[in-house]
Enquirer: 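Take a look at this one; I'll ask things after.
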Protein chains: 2
Amino acid sequence: MTAQPPAASRPRGRERARLNRETVLAEALALADADGLDGLGMRPLSQRLGVVPMALYKHVANKEDLLDGMIDLVWAEVEMPDAERGWRTSMGDRSRSLRQALKRHPWAIGLMEARLRPGFANLAQHNAMMGCLRGSGFSFRTTVHVTSTLDAFVYGFALQERSLPFDTAEQSGDVAEQKLQDAPPEAAAAFPHLLEVVRELGAAGYDYDTEFETGLALVLDAVERLRPEWRAELPSP
Amino acid sequence: MTAQPPAASRPRGRERARLNRETVLAEALALADADGLDGLGMRPLSQRLGVVPMALYKHVANKEDLLDGMIDLVWAEVEMPDAERGWRTSMGDRSRSLRQALKRHPWAIGLMEARLRPGFANLAQHNAMMGCLRGSGFSFRTTVHVTSTLDAFVYGFALQERSLPFDTAEQSGDVAEQKLQDAPPEAAAAFPHLLEVVRELGAAGYDYDTEFETGLALVLDAVERLRPEWRAELPSP
DNA sequence: GTCAAAGGTGTACGGCGTACACCTGAGACA
DNA sequence: TGTCTCAGGTGTACGCCGTACACCTTTGAC
């Protein structure tokens, strides 16, 4: 066998382990997390890996393929639903898990559902979702309704969460105050209700976590309540 | 007054009306609708307007500013809620209207909420939203819950709708069949529940409109049911 | 020891957003 | 009517981007 050089096991200097798809994808994920989708370029990525840009193309077909792989890594982070634990807790936990993943990787939000070639983790995740609901007695049609509505809520929430420029309830107050000062005075007069909300949010703070739980409970409650009706395969109203 | 040349009133050849911000934004919207966000470049846009690329920068500060303006045009297409018509129909119609706008301009979905400088139509829209709910007796806190959840649903639904590669129920069948044939045979065995859904959707067809209405009714029902509770400003569960 | 295949390199091309200096023509005012 | 000003349009150029293509190097099987 070839002797391993005793020096660095980590890639550095003249010695560097051969690249493979996994390390390229992992590094790309880290880069996107750090610098956003705009910062994710073949050149910066290759530099992080200590390699020339074109070397990446030995491991990914093109940038689209790179994104496909990255998205499937994100899917792999999402907890799989499991009918054994009951559809409600299972779906709730999966939704929370999906939101957390989208929070860790905000650049992924628009892309999770948009892949032309869904990866393995993506397929596995959706398969488990269908299995959980079908296994819990939901009709085929109902299963589609529920996944559609629940996912819509989580995606949409993550989208809003990404947009607002604060992370904690305390920060939200500062941001609101700043916005109020930035806004031209005529805007305040023109949009009184908006002004009220910004004021109140600034005072009371805005907590994404409880906001998410509230909405999630709302949707799950509604599903629970409508379940027997949907079991009977009623046509939608 | 200066005599207008009798020839073309439309810009062409050597004669061309002076550009202004509105026409630039409108043409950019049309270009994005036609070719997507990727097709929206300063060079292609300028060519459509019969002008050199740099000319655009006399009317928009940069591409970000261009996008800001385009997004506000989309907001302007969204029907404003109005407390007079009752919160439920008003919110329902606004949600439908928002979905339609996002369907006309799929490129806008990730951007509507992400603007650092919200435009006038955007502010007006949200102001009307708050006004409608507050005016219908919802507490401040509840108003935030409802807008957050409802918007999340609409954005998320639009996102899913954009992703799936068919528009009509009939097409959905063909697409499903195609997907089944493309998929490697081991995938079918590994994901039985997913397979079932694709099969059933292929057979029964999938209609976005009724799917949207179902989810929307679900959320609105839940809001209606919880309204008295939320009026009392209960803390979230 | 030989050799094919896989992995990494270097160069180059067309497209992007846009900074900067320049030219032009329309409208204001004498 | 002649002049001036300055908003609007132009041309050139720079540094990014993704990636095609030809080339070299290393690896592992035989």
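Order of the sequence lines sets the chain letters (A, B, ...), proteins ahead of strands, with each chain counted from 1.
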Enquirer: How many Å lie between CG on A:L56 and P on D:dC17, as a whole number?
Expert: 12 Å
Enquirer: For residues 44-60 of chain B, which side-chain donor-acceptor pairs fall under 3.5 Å, sequence neighbours excluded?
Expert:
{"unit_1": "B:S46", "atom_1": "OG", "unit_2": "B:M42", "atom_2": "O", "d": "3.2"}
{"unit_1": "B:S46", "atom_1": "OG", "unit_2": "B:R43", "atom_2": "O", "d": "2.7"}
{"unit_1": "B:R48", "atom_1": "NH1", "unit_2": "B:E27", "atom_2": "OE2", "d": "2.6"}

Enquirer: Above 12 or not: heavy atoms from other molecules or residues under 6.0 Å from CG of B:N20?
Expert: yes
Enquirer: What residues, two or more places apart in sequence or in another chain, satisfy salt bridge (charged side-chain N to carboxylate O under 4.0 Å, His left out) together with B:D72?
Expert: none
Enquirer: Quick check: does any side chain N or O of B:D33 sit under 3.5 Å from a backbone N or O of B:H105, one acting as donor and the other as acceptor?
Expert: no
Enquirer: Distance check needed: C:dG25 P versus B:R18 CZ, whole Å only.
Expert: 11 Å
Enquirer: Could you tell me if A:R99 sits above the aromatic ring of A:F157, with its cationic atom closer than 6.0 Å to the ring centre and no more than 45 degrees from the axis?
Expert: no
Enquirer: Are B:Q160 and A:Y155 close enough that a side-chain donor and a side-chain acceptor fall under 3.5 Å?
Expert: no
Enquirer: Side-chain N or O of B:H59 less than 4.0 angstrom from OP1 or OP2 on D:dG9?
Expert: yes
Enquirer: When the distance from CD of B:Q47 to C1' of D:dG9 is rounded to whole Å, what number comes out?
Expert: 16 Å
Enquirer: Could you check how far CG of A:L66 sits from C1' of D:dT19, rounded to whole Å?
Expert: 13 Å
Enquirer: Can you give one letter per nucleotide of nucleotides 12-22 of chain C, 5' to 3': B if a protein heavy atom sits under 4.0 Å from the base, S if only from the sugar-phosphate, - if neither?
Expert: ----BBBBB--
Enquirer: Consider the side chain of B:V52, meaning its heavy atoms from C-beta on, and name the nucleotide among D:dT27, D:dG8, D:dT10 that approaches it most closely.
Expert: D:dT10
